[in-house]
Amino acid sequence: MFSENLIQKLQNSKHVVVFTGAGVSAESGVPTFRDVENGLWENFDVMKIGTEQGYLQDPSFGWGWYEWARHQVFLKQPNPAHYAIAQLAEKLPKVTVVTQNVDDLHERDGSLDVLHIHGALNDVCCLYCDYKSTLPQSRIAIEVEQPISSPPDICPLCSSIMRPHVVWFGENLPSDIWQKAKEASEQCDLMLIIGTSGLIYPAASLADRAIYKKIESVQINPDATDIDTLVTHNFRGKAGEILPLLFEAAFGEMK
Ligand code: NAD
Ligand code: ZN
């Protein structure tokens with residue numbers, strides 16, 4: 001299934017970037033945007049929960065929706081794809097995980113220093129000042145059965161309302177994280193592109209950058225994407241099945 005060239009490349013790489021999208025969490029039961037059957041984004045009103053303008057119109061609705069979404073993700077578990085990525089970091093000198101996902105499943109399976117270019121569901125920030133914080137697990141564990149209005153937290157510094165610290169439509173990506181992600185994508189020896197439709201820019205430009213720089217690349221996705229013929233190795237299938245096989249072909253059984 002895997003060429004000798006790919007196995008050797010993986011074994012000998014000094015720096016691998018693993019660029020992930022919603023598909024890496026699909027087998028954990030976190031629906032992708034395009035997965036309309038599964039509920040999380042059902043009745044997803046982009047205006048209300050995906051823009052600051054919508055949030056300001058009804059902050060309690062938005063805050064309550066995110067409390068529910070956060071708890072839904074809390075109930076899920078990482079899958080073998082997250083685990084294989086975390087294990088890879090133990091075998092190679094440097095692995096940079098760059099994710100478009102707002103869930104924390106990479107971290108929960110042991111990946112360190114994950115670059116969340118679209119922010120993180122568990123992080124919140126003030127709408128007006130620079131105050132940021134991460135909600136404690138004890139709070140995320142509180143059951144929220146369905147999205148219901150809930151008044152936003154109040155900023156301890158300026159008493160304004162807080163918002164989820166995720167990147168909404170039309171907003172810039174966090175500049176320090178984005179800078180690191182761009183540099184890693186242009187300087188790595190190998191990029192693994194896992195479970196992303198490649199339709200959301202500027203995030204998708206990370207794969208384009210690596211391809212443009214002629215960096216060897218691997219894509220894993222059950223569906224066709226625009227870069228199928230541009231990557232060096234294209235695997236049509238599920239991340240949770242193919243990534244562990246790739247890891248084992250290069251490094252033997254996972255711990
Ligand atoms: P997307 O929904 O646009 O695309 C998901 C991709 O994953 C598709 O190409 C699909 O074919 C592929 N996929 C589905 N199941 C897979 C599997 N088992 N293994 C490998 N690939 C699989 O997601 P995107 O490209 O990440 O962009 C959508 C935006 O929405 C991003 O900003 C993303 O972070 C956000 N989002 C995040 C989450 C999350 O945090 N888990 C979930 C949904 C959407
Ligand atoms: Zn504030």
Side-chain angles (χ1 to χ4, degrees), residues 18-42 44 46 49-50 66 69-70 72-82 84-85 97-108 114-133 152-169 171 173-174 178 181 192-207 218-228 234-246:
V18 187
F19 176 43
T20 66
V24 79
S25 297
E27 288 157 84
S28 295
V30 181
T32 66
F33 260 163
R34 270 140 264 274
D35 189 359
V36 284
E37 312 271 287
N38 265 320
L40 186 65
W41 312 107
E42 210 182 346
F44 170 77
V46 171
I49 59 165
Y66 276 91
R70 209 174 271 133
Q72 296 309 297
V73 169
F74 170 81
L75 298 174
K76 311 293 183 200
Q77 299 304 326
N79 69 59
H82 298 106
I85 293 166
V97 179
V98 181
T99 188
Q100 297 167 80
N101 295 346
V102 294
D103 70 49
D104 60 349
L105 296 177
H106 282 300
E107 289 90 333
R108 274 161 53 191
V114 180
L115 299 176
H116 279 275
I117 57 176
H118 288 164
L121 265 184
N122 296 347
D123 290 349
V124 293
C125 59
C126 176
L127 261 175
Y128 296 102
C129 80
D130 288 337
Y131 180 74
K132 295 178 183 62
S133 72
D153 282 8
I154 299 299
C155 172
L157 299 186
C158 75
S159 304
S160 303
I161 58 170
M162 305 281 287
R163 57 163 275 182
H165 197 10
V166 296
V167 177
W168 282 334
F169 288 95
E171 294 181 334
L173 308 193
W178 179 236
L192 310 185
I193 304 159
I194 318 288
T196 175
S197 61
L199 297 175
I200 311 273
Y201 276 83
S205 76
L206 295 177
V218 175
Q219 176 175 239
I220 302 177
N221 197 312
D223 289 340
T225 75
D226 288 348
I227 58 170
D228 278 2
N234 195 40
F235 297 102
R236 209 41 91 67
K238 293 182 172 178
E241 292 170 6
I242 295 181
L243 258 179
L245 292 176
L246 178 60

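Just so you know, ligand 1 is whichever comes first in the structure, and atom 1 is the first atom listed for that ligand. Every heavy atom of this structure was used, including side-chain atoms; hydrogens, water molecules and symmetry mates were not. Bear in mind that the values here come from a model prediction, so they are computed numbers and not experimental data.
Of the listed options T32, N221, N101, N221 places a heavy atom closest to atom 8 (C) of ligand 1. The heavy atom nearest to atom 5 (C) of ligand 1, considering only G21, A81, G50, G195, is found in G195. Considering only non-hydrogen atoms, atom 34 (O) of ligand 1 lies nearest to Q100 out of Q219, H106, Q100. With atom 21 (N) of ligand 1 as the reference point, the heavy atom nearest to it among P222, A239, G237 is part of P222.
Annotation for ligand 1: atoms under 4.0 Å from non-hydrogen atoms of E27 are 17 (C), 18 (N), 19 (N). Those atoms of ligand 1 that come under 4.0 Å of a heavy atom in A26, given as number and element, are 15 (N). Listed by number with element, the atoms of ligand 1 under 4.0 Å from a non-hydrogen atom of I200 are 27 (O), 28 (C). Heavy-atom proximity to V30, at under 4.0 Å, picks out these atoms of ligand 1: 41 (N). Interface atoms of ligand 1 facing P31, defined by a heavy-atom separation under 4.0 Å, are 42 (C), 43 (C). Short contacts between ligand 1 and D103, defined as distances under 4.0 Å to a heavy atom of the residue, involve ligand atoms 39 (C), 40 (O), 41 (N). Close approach of ligand 1 to K238 is summarised as follows: ligand atoms under 4.0 Å from at least one heavy atom of the residue are 18 (N), 19 (N).
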Quick one, Q77 with H82, criterion side-chain hydrogen bond (donor to acceptor under 3.5 Å, both in side chains). Give me CA distance, side-chain angles, the key distance, then yes/no.
CA-CA 10 Å; Q77 299 304 326; H82 298 106; over 6 Å; no
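The shortest distance between side-chain heavy atoms of I193 and V218 does not fall below 4.5 Å. Contact of the Q100 side chain with the T196 side chain is registered, since non-hydrogen atoms from C-beta on lie closer than 4.5 Å. Side-chain contact check for L173 versus P202: some heavy-atom pair is nearer than 4.5 Å. Within the 4.5 Å cutoff, side-chain heavy atoms of I220 are placed close to those of L243. Between T99 and L115 the shortest side-chain heavy-atom distance does not fall below 4.5 Å. Counting only heavy atoms from C-beta outward, the side chains of D104 and L121 never approach each other to under 4.5 Å.
When only interatomic distances are considered, the shortest N/O to N/O separation between T225 and ligand 1 does not fall below 3.5 Å. Checked by distance only, ligand 1 and A22 come closer than 3.5 Å through their nitrogen or oxygen atoms.
Remark: R236 engages D228 in a salt bridge, criterion side-chain N to carboxylate O under 4.0 Å.
There is no side-chain donor-acceptor pair under 3.5 Å between E171 and H118.
Remark: at the Zn ion (ligand 2), atom SG from C129 and atom SG from C126 enclose 110°, rounded to the nearest 10 degrees.
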